There are 2 protein chains.
Amino acid sequence: MSTQSVVTAIRVLEAVSDNQPAGLSELSREVDVPKATVLRMLRTLGELGWVSQSEAQAGKWVLTNHAFAVASRGSSGSVIRDAAMGPLNALQLDTTETVHLAVPDRGYMLIIERLDTPHVLRAFLPLGSRLPMHASSTGIAYLSAADEPFVDEYLAGPLEALTPQTVVDPAQLRAMIVDTRTRGYSINEQGLSTGITSIGVPLLGVGGVAAGSISISGPSSRIVPAKYQEYGEAAAGTALEISRALGAFSAKAY
Amino acid sequence: MSTQSVVTAIRVLEAVSDNQPAGLSELSREVDVPKATVLRMLRTLGELGWVSQSEAQAGKWVLTNHAFAVASRGSSGSVIRDAAMGPLNALQLDTTETVHLAVPDRGYMLIIERLDTPHVLRAFLPLGSRLPMHASSTGIAYLSAADEPFVDEYLAGPLEALTPQTVVDPAQLRAMIVDTRTRGYSINEQGLSTGITSIGVPLLGVGGVAAGSISISGPSSRIVPAKYQEYGEAAAGTALEISRALGAFSAKAY
DNA sequence: AACCGACGGTTCATCCAGTGAACCAATGTA
DNA sequence: TACATTGGTTCACTGGATGAACCGTCGGTT
């Protein structure tokens, strides 16, 4: 790989992100690069305003808000967001529950938008949360629209259980994906966090490829089985609208 | 500055972020670095999963979601978020209007969280939005708690008007900052976008330094002058609670 | 008190990775 | 047709990146 110093710098950056207030030796071990080099990277990234020394603990390094600001103008993210916000807003008002907009990132679903419920009891997924695909309705929905090789590869990997209800059996997950395809929406009952049920639908981008997903989430006491169909169909309608806006069904532009 | 290839890479990354589907020559000009070098950076960043070729337009480069995922675990962001979400939630329920959580980034306020109003008529700031400080209630609130040199520098810079109501006169802005200090909250009437009024309060971090701000926003037809005081005081109370949790008033830990 | 290990941070000779001018083919446009 | 711009490639040169060995400090053990 070329430009190895850049590679090192980015790896350091990701290591900082993963270990938040991260120490020098710690990072050096993590990235497997001499301390001197890591420190030089941190200094450079610091000058650029991407990391800084934690004011709470000297010698510990943290990410800055600037890093977030630069990266939040993500490509597909903003395209999808633009297309999704209107319909998503309507969906939230219709259902009165929290709706999420998620895009894929390396086996995770990344929450990039949220419109929340007026209910006192509300679910909180901070913006930027990464949810394992197999443990979230957005993830299963995304997988239901993704191409086979991707699904095979994902299901072959290690699947961690986040709650006692998390489904980690590949065969069972495959069945859930098939159900999602036929039904039009995925259902996740407390597989991500206890007491939360969620219903997801995939979004399609240009050429009909999976681009992300949306979901309706709330306490399992409110999102009861009797409501699955109503919410599922509402979400599916919204997703269709967004996918259409993304150009999923128009002739591919050459 | 050391490790110049890293500097170049990050500058390329930021240039991509700013110009979204960005072409090679375009970036080369922007960063003032030969095309060959820019291309090498793009390839390296591509291998790392931070940028990719736009599938819509070949040869154009865009940021990936992965970049967003890494950077969204921002330091101060998450610390503040953890401290703020509880009180903010209560504030939203009390006022029934949209509340925002914002942190500073190079002259802008970065919206990192939002709790939505149940009202059909609602304002949308996408999460990750960057608002000029002088044109937002969060910005003026932040400036009212920031140190003098920072304020001087900011007001000396170019101040763009986003709407006909945006205040861009430094003297007038300074008066607004003073008012904010004495009153306890800032008011922005349609300075950010027409038809939207917003009330902001600064958050203080360790040592009492400005760390961010919160705001209550809504259509100017609902957030009328008669409500300013009620909302302002509610927000100020919430901000105080958050600042306390951030350790603004405890003895500095040595 | 003396010892130890781990911490953040520094130094500097070696050498290889990054640089950028010049190049290509393709497309657009006047 | 000619000209300008695009994305992308090549390669000799050299100066910037590397990493082993170093320093001072801190906190816990014995």
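Only this structure's heavy atoms are used, side chains among them; waters, hydrogens and symmetry mates stay out. So that the names make sense, note that chain A is the first sequence line, chain B the second, and so on, each numbered from 1. Quick caveat: nothing in here was measured; it's all calculated off a predicted structure.
Salt bridge status for Arg114(A) with Glu113(B): present, with a side-chain N to carboxylate O gap under 4.0 Å. Asp152(B) has a carboxylate O that lies under 4.0 Å from a charged side-chain N of Arg174(B), or vice versa, which qualifies the two as a salt bridge. Salt-bridge annotation for Glu26(B) and Lys35(B): absent, with no side-chain N of the basic residue lying under 4.0 Å from a carboxylate O of the acidic one.
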Pair Met41(A), Thr37(A) - check side-chain contact (heavy atoms from CB on, under 4.5 Å), show working.
CA-CA 6 Å; Met41(A) 295 308 173; Thr37(A) 303; 4.2 Å; yes
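A search for side chain to side chain contact (heavy atoms under 4.5 Å, CB included) contacts involving Tyr154(A) returns Pro132(A), Met133(A), His134(A), Leu143(A), Leu159(A), not counting sequence neighbours. With sequence neighbours left out, the side chain to side chain contact (heavy atoms under 4.5 Å, CB included) criterion links Asp32(A) to no other residue.
Here the closest heavy-atom approach between residue Asn65(A) and residue Leu110(B) is recorded as O-CD2, 3.5 Å. Here the shortest heavy-atom pairing between Ser243(A) and Pro202(A) reads OG-O, 4.4 Å. For Ala141(B) against Ser213(B), the heavy-atom pair with the smallest separation is CB-CB, 4.2 Å. Closest approach of Ala15(B) to Glu30(B), counting heavy atoms only: CB-CG, 4.1 Å. Scanning both residues, Ala135(B) and Thr166(B), for their nearest heavy atoms gives CB-CG2, 3.9 Å. Across all non-hydrogen atoms, the minimal contact from Thr163(A) to Leu192(A) is CG2-O, 3.5 Å.
Between the CD atom of Glu30(B) and the P atom of dG7(D) there is a distance of 13 Å, given to the nearest Å. Look at CD on Glu26(A): it is 13 Å from C1' on dG8(C), rounded to the nearest Å. Taking atom CG on Leu42(A) and atom P on dT10(C), their separation rounds to 12 Å, with Å as the unit. Residue Arg29(A) contributes atom CZ, which lies 12 Å from atom C1' of dG8(C) at whole-angstrom precision. Distance CG (Leu27(B)) to P (dG20(C)): 16 Å, rounded to an integer number of Å. Distance Met41(B) CE to dA17(C) P: 14 Å, rounded to the nearest Å.
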Protein-nucleic acid N or O pairs under 3.5 Å, nucleotides 26-29 of chain D:
none

Strictly under 3.5 Å: I want the nitrogen or oxygen pairs between protein and nucleotides 8-15 of chain D, one per line.
{"residue": "dG8(D)", "atom": "OP1", "partner": "Gln53(B)", "partner atom": "NE2", "Å": "3.3"}
{"residue": "dG8(D)", "atom": "O6", "partner": "Lys35(B)", "partner atom": "NZ", "Å": "2.8"}
{"residue": "dT9(D)", "atom": "OP2", "partner": "Arg43(B)", "partner atom": "NH1", "Å": "3.0"}
{"residue": "dT9(D)", "atom": "OP2", "partner": "Arg43(B)", "partner atom": "NH2", "Å": "2.2"}

If the sugar-phosphate is the primed atoms plus P, OP1 and OP2 and the base is the rest, what is the B/S/- string for nucleotides 25-30 of chain C, using protein heavy atoms under 4.0 Å?
------
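Of the candidates dG20(C), dG18(C), dG19(D), dG19(D) carries the atom nearest the Pro34(A) side chain, counting heavy atoms from C-beta on. With distances taken from any side-chain atom of Thr37(A) to the nucleotides dG19(D), dG20(C), dA17(D), the minimum falls on dG19(D).
Between its opening and closing five pairs, the helix from dA1(C)-dT30(D) to dA30(C)-dT1(D) changes axis direction by 30°, a value rounded to 10 degrees.
Between Phe68(A) and Phe68(B), the ring-plane angle classifies as tilted under the 30° and 60° cut-offs. Ring-plane geometry between Trp50(A) and Trp50(B) is classed as tilted, the angle between the planes lying from 30 to 60 degrees on a 0 to 90 degree scale.
Residue Ser25(B) has no polar side-chain atom (N or O) positioned under 4.0 Å from OP1 or OP2 of dT5(D). OP1 or OP2 of dA17(D) has not a single side-chain nitrogen or oxygen of Arg40(A) nearer than 4.0 Å.
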